[in-house]
A.B. asks: 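The structure under discussion is supplied below as structure tokens; questions concerning it will follow.
Just so it is clear, the values below take in all heavy atoms, side chains as well, and ignore hydrogens, waters and symmetry mates.
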Protein chains: 2
Amino acid sequence: MAESCRFAFAVHVMAVLAACQGDLCSSTMLARTVNTHPVVIRRLLLDLRAARLVATERGAGGGARLGRPATGITLAQIYAAVEAPCLFRTHPGQPAKFCPIGCRIVPVLDRVFARANRAVARELGRLTLAGFLRQLRHD
Amino acid sequence: MAESCRFAFAVHVMAVLAACQGDLCSSTMLARTVNTHPVVIRRLLLDLRAARLVATERGAGGGARLGRPATGITLAQIYAAVEAPCLFRTHPGQPAKFCPIGCRIVPVLDRVFARANRAVARELGRLTLAGFLRQLRHD
DNA sequence: TATTATGTAACTATTATAGTTACTGAAAGG
DNA sequence: CCTTTCAGTAACTATAATAGTTACATAATA
């Protein structure tokens, strides 16, 4: 897994924005609670904004807030916004064409990967940001 | 996803071993069809052997073969044998303790990650190595 | 005893990503 | 205006994971 921590960061940021009830939060403040650099947060917010999950405002007093209510945002949407579409990696070099397995394996593997990715999306789609916050409170 | 290609490699190796019907395959031969280095294959075979999915023999004429019939091996077992148990990564640095979200998010996130991992395992568990080979043939 | 294979340690190269610095441009308020 | 405070962004560094490689020990076979 050259998997990144962007999903964890993104859920954290979205949870803070949800708790802030529409008040604008600066990247500096968000970076302090996540414990990272403001630029890392800003890059994340750009992806979240492209998916319409947050809205941002520039200039003094600016920052980010949720793009819509936390009840209408699922973790699957957050995941899709900030991570690569496939969890798995295929062969870096093309498998051997002379081998009856190697010459045909890639599309079959891709179908397996696609099913696994959909399973993750289904599972993450079952939890909204609001539900996540509820779990945080009654942990 | 600092995700690796070990799963793809492992499924490929297992498929070749299944096609070889119990004949021993050398790491050099396996490396040629996967298109990588024999040592990479040998490291993979060590993990697969630890999970009892393959058996190996040393010395001249040695190599690897399946540890049990391909109908009794699922892709979930192969996955578990060669990849890290969690697909996701949490915060590299500990989140802020002063923040009501940061101080409680990690265990909640871990539960979400665990559910997603189980969803992947369930999905991969639905396909056996024999079923995978069947798909390869009628692709 | 020569050959062929696994097992394994140690190293290099590559790649991904978090983190950092530095700057531009936008909004707000004195 | 002009200063401050913020997002946006490019360019860079540091770090970590992993594939690939080299080299060698050990085991089995003929």
A.B. asks: A side-chain contact here means heavy atoms from C-beta on lying under 4.5 Å apart; do B:Val34 and B:Val16 qualify?
C.D. replies: no

A.B. asks: Within this structure, what is the CG-to-P distance between A:Leu46 and D:dA7, rounded to whole angstrom?
C.D. replies: 11 Å

A.B. asks: Rounded to whole angstroms, how far apart are CZ on A:Arg65 and P on D:dC6?
C.D. replies: 16 Å

A.B. asks: Tell whether A:Arg43 reaches the base of C:dT20 with its side chain through a donor-acceptor pair below 3.5 angstrom.
C.D. replies: yes

A.B. asks: Between B:Arg89 (CZ) and D:dA17 (C1'), how many Å, whole number?
C.D. replies: 8 Å

A.B. asks: Mind calculating the distance between CG (A:Asn35) and P (C:dG19) to the nearest angstrom?
C.D. replies: 8 Å

A.B. asks: Could you state the atom-to-atom distance from CZ of B:Phe88 to P of C:dT17 in whole Å?
C.D. replies: 15 Å

A.B. asks: Mark yes when over 12 heavy atoms from residues, nucleotides or ligands other than A:Arg111 sit less than 6.0 Å from its CZ; otherwise mark no.
C.D. replies: yes

A.B. asks: Please determine if a side-chain N or O atom of B:Thr56 lies less than 4.0 Å away from the OP1 or OP2 oxygen of C:dT6.
C.D. replies: no

A.B. asks: Closer than 4.0 Å, any side-chain N/O of A:Arg42 to the OP1 or OP2 of D:dA7?
C.D. replies: yes

A.B. asks: Can you tell me the distance, in whole Å, between the CG atom of A:Leu48 and the P atom of D:dG8?
C.D. replies: 11 Å

A.B. asks: Using the side-chain heavy atoms of B:Arg49, tell me which of these nucleotides is nearest: D:dT9, C:dG7, C:dA18.
C.D. replies: C:dG7

A.B. asks: For D:dA7 and A:Ser27 - does any side-chain N or O of the residue sit under 4.0 Å from the phosphate oxygens OP1/OP2?
C.D. replies: yes

A.B. asks: Can you figure out which of C:dT3, D:dT21, D:dA7 approaches the side chain of B:Ala60 most closely?
C.D. replies: C:dT3

A.B. asks: Need to verify one output field. Residue with the more 5' nearest nucleotide on DNA chain C, B:Gly59 or A:Gly59?
C.D. replies: B:Gly59

A.B. asks: Report the distance from atom CG of A:Leu24 to atom C1' of D:dT5, rounded to the nearest whole Å.
C.D. replies: 13 Å

A.B. asks: Testing A:Asn35, A:Thr36, A:Thr33 for side-chain hydrogen bond (donor to acceptor under 3.5 Å, both in side chains) with A:His12, which one passes?
C.D. replies: A:Thr33

A.B. asks: Describe, in one word, how the ring planes of A:Tyr79 and B:Phe88 are oriented to each other, choosing from parallel (under 30°), tilted (30 to 60°) and perpendicular (over 60°).
C.D. replies: perpendicular

A.B. asks: With hydrogens left out and only the distance checked, is there a donor-acceptor pair under 3.5 Å joining B:Arg58's side chain and the base of D:dT26?
C.D. replies: yes

A.B. asks: Take A:Gly61 and A:Phe9, find for each the nucleotide of DNA chain C with the closest heavy atom, and name the residue whose nucleotide sits nearer the 5' end.
C.D. replies: A:Phe9

A.B. asks: Any idea which heavy atoms bring A:Thr128 and A:Thr71 closest together, and the distance?
C.D. replies: CG2-O, 3.7 Å

A.B. asks: Under 4.0 Å between a side-chain N/O of B:Ser4 and OP1 or OP2 of D:dA19, yes or no?
C.D. replies: yes

A.B. asks: In whole angstrom, give the distance that lies between atom NE2 of B:His37 and atom C1' of C:dT6.
C.D. replies: 14 Å

